[in-house]
K.L.:
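Once you've had a glance at the structure underneath, I'll fire off some questions.
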Number of protein chains: 2
Amino acid sequence: MSGQARTERRPTRQRAAIAEALADATEFRSAQEIHADLASAGDRVGLATVYRNLQAMATDGEVDVIRTADGESVYRACATEDHHHHVVCRGCGLAVEVTADAVERWAETVAASHGFTQVRHTVEVDGLCRRCSSGSS
Amino acid sequence: MSGQARTERRPTRQRAAIAEALADATEFRSAQEIHADLASAGDRVGLATVYRNLQAMATDGEVDVIRTADGESVYRACATEDHHHHVVCRGCGLAVEVTADAVERWAETVAASHGFTQVRHTVEVDGLCRRCSSGSS
DNA sequence: CGCTTCATGACAATCATTCTCAAATGAAAT
DNA sequence: ATTTCATTTGAGAATGATTGTCATGAAGCG
Ligand SMILES: [Zn+2]
Ligand SMILES: [Zn+2]
Ligand SMILES: [Zn+2]
Ligand SMILES: [Zn+2]
């Protein structure tokens, strides 16, 4: 039931660099941030290239992508290839991967009960992690 | 536990017009669309004003807002004031309101189990409605 | 090595959303 | 009704992430 549609893509230095930058990062990063990371590491990669690769990788399921509150797309190479969701800290960006079979089934069921097919879903949970909870007013 | 923070806001012709346009609409509409709707109805309202009011209304829980696949914010005056989610048709925009206590609890629980507080969540389900499913390959 | 095809990069173009700030308006006080 | 003052509006500029363009560079291949 897990779907990766690994498109036929040609390996390049840039792609490898992006993948590595993504592997090093522990939190979700935006295309712009990845681009900056590479730049500051002396790796010169075009911004458009970063966008294109990140999107392709996301499409192929190699990386996860979520939308921040202000609409920015952020990517991350997750620990597991299996379908999962995240609990993200609004304060520091810490992201925990979680699975939710119950939610998966619910989405499918509720949609089907209303006659919908080809169902997809988006589930994101955010809050303040333990550390960030301490410094609240 | 349901939160509306009805801000002290001053009633204006524009606000009323926007609220009405929203009430008439059956699907989710973007700020731009609402603005166009008003314009074509002879109601002249500044685009910035539409954005401002829509956001304020969303903040106060008067209307629902979701993000489309391409990052556009779309609003709708829903049937119920209670917390709920949607199953939206990718083909025609038809939106069904659904509740999911199980999901609500799951989000809260899984976040808490990882030490998160002030938890919020986003749950959107989309697919093809019965009608739109017919014309697929 | 030549050839074909895909990827890259610099930069222009999009486009939803936000910002600016002077003018208009609501509400309350006089 | 008129003054007063904070809020809201509107027209247009500004922002900023993402996408498009297209000439150049690199991969794959015989
Ligand atoms: Zn945190
Ligand atoms: Zn899921
Ligand atoms: Zn439909
Ligand atoms: Zn919910």
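For clarity, every value in this text was computed on a predicted model and none was experimentally measured. A, B, ... follow the sequence lines: proteins, then strands. Residue 1 opens every chain.
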K.L.:
Where the side chain of T49(B) is defined as all heavy atoms beyond and including C-beta, which of dG10(D), dT18(D), dT8(C) is the nearest nucleotide?
P.N.:
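When the side chain of T49(B) is considered, dG10(D) is the closest of dG10(D), dT18(D), dT8(C).
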K.L.:
Hydrophobic cluster mates of L22(B), side-chain heavy atoms under 4.5 angstrom, ILVMFWY only, any path?
P.N.:
I18(B), I34(B), L38(B), V45(B), V50(B), L54(B), M57(B), V63(B), V65(B), Y75(B)
K.L.:
Check whether any side-chain nitrogen or oxygen of T12(A) sits under 4.0 Å from OP1 or OP2 of dA27(D), and answer yes or no.
P.N.:
no
K.L.:
Can you find a side-chain donor-acceptor pair between D64(A) and H84(A) that sits under 3.5 Å?
P.N.:
yes
K.L.:
Atom CD1 of I34(A) to atom P of dG9(C): distance rounded to whole Å?
P.N.:
15 Å
K.L.:
In terms of side-chain heavy atoms of E72(A), which of dG9(C), dT9(D), dA17(D) is nearest?
P.N.:
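When the side chain of E72(A) is considered, dA17(D) is the closest of dG9(C), dT9(D), dA17(D).
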K.L.:
Once you round it to whole Å, what is the distance between P of dG12(D) and CZ of R44(B)?
P.N.:
11 Å
K.L.:
Once you round it to whole Å, what is the distance between P of dT20(C) and OH of Y51(B)?
P.N.:
17 Å
K.L.:
Name the atoms and distances for all side-chain donor-acceptor pairs under 3.5 Å in residues 102-111 of chain A, with sequence neighbours left out.
P.N.:
| from | atom 1 | to | atom 2 | distance (Å) |
| --- | --- | --- | --- | --- |
| E104(A) | OE1 | H83(A) | NE2 | 2.9 |
| E104(A) | OE1 | H121(A) | NE2 | 2.9 |
| E104(A) | OE2 | H83(A) | NE2 | 3.1 |
| E104(A) | OE2 | H85(A) | NE2 | 3.0 |
| T109(A) | OG1 | R105(A) | O | 2.8 |

K.L.:
Closest approach to the side chain of R13(B), judged atom by atom: which nucleotide of dT21(D), dG10(D), dT18(D) is it?
P.N.:
dG10(D)
K.L.:
Which of the following nucleotides, dG9(C), dA7(C), dG26(C), is nearest to the side chain of P11(B)?
P.N.:
dG26(C)
K.L.:
Hey, does D70(B) reach any base, or is it just sugar-phosphate, or nothing, if we go heavy atoms under 4.0 Å?
P.N.:
nothing
K.L.:
Nearest-Å distance, CZ (R52(B)) to C1' (dA24(C))?
P.N.:
13 Å
K.L.:
Can you measure L54(A) atom CG to dT8(C) atom C1' for me and round it to whole angstrom units?
P.N.:
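Interatomic distance, CG of L54(A) to C1' of dT8(C): 15 Å.
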K.L.:
Between dT18(C) atom P and N53(B) atom CG, what is the distance in whole Å?
P.N.:
13 Å
K.L.:
Nearest to the side chain of R10(A), heavy atoms from C-beta on, is which of dT18(D), dT9(D), dA7(C)?
P.N.:
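Closest of the options to the side chain of R10(A): dA7(C).
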K.L.:
When you get a sec, tell me which of dT8(C), dT18(D), dA16(C) is the closest nucleotide to the side chain of Q55(A)?
P.N.:
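Out of dT8(C), dT18(D), dA16(C), the nucleotide with an atom closest to Q55(A)'s side chain is dT18(D).
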K.L.:
What's the CG-P distance between L47(B) and dA11(D), to the nearest Å?
P.N.:
10 Å
K.L.:
Under 3.5 Å, is there a donor-acceptor pair linking the side chains of T49(B) and R52(B)?
P.N.:
yes
K.L.:
With ring-ring contact (aromatic ring centres under 6.0 Å, His included) as the criterion, how do F28(A) and H86(A) come out once you've worked through the C-alpha distance, each side chain's angles and the decisive distance to 0.1 Å?
P.N.:
CA-CA 11 Å; F28(A) 279 90; H86(A) 307 90; 4.9 Å; yes
K.L.:
Is the phosphate of dA24(C), meaning OP1 or OP2, less than 4.0 Å from a side-chain N or O of Q14(B)?
P.N.:
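No, because none of the side-chain N or O atoms of Q14(B) sits under 4.0 Å from OP1 or OP2 of dA24(C).
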K.L.:
For S30(A) and dA17(D), is the shortest distance between a side-chain N/O and OP1 or OP2 below 4.0 Å?
P.N.:
no
K.L.:
Specify the separation, in whole Å, of atom NE2 of H35(B) and atom P of dA16(C).
P.N.:
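The distance from NE2 of H35(B) to P of dA16(C) comes to 13 Å, rounded to the nearest Å.
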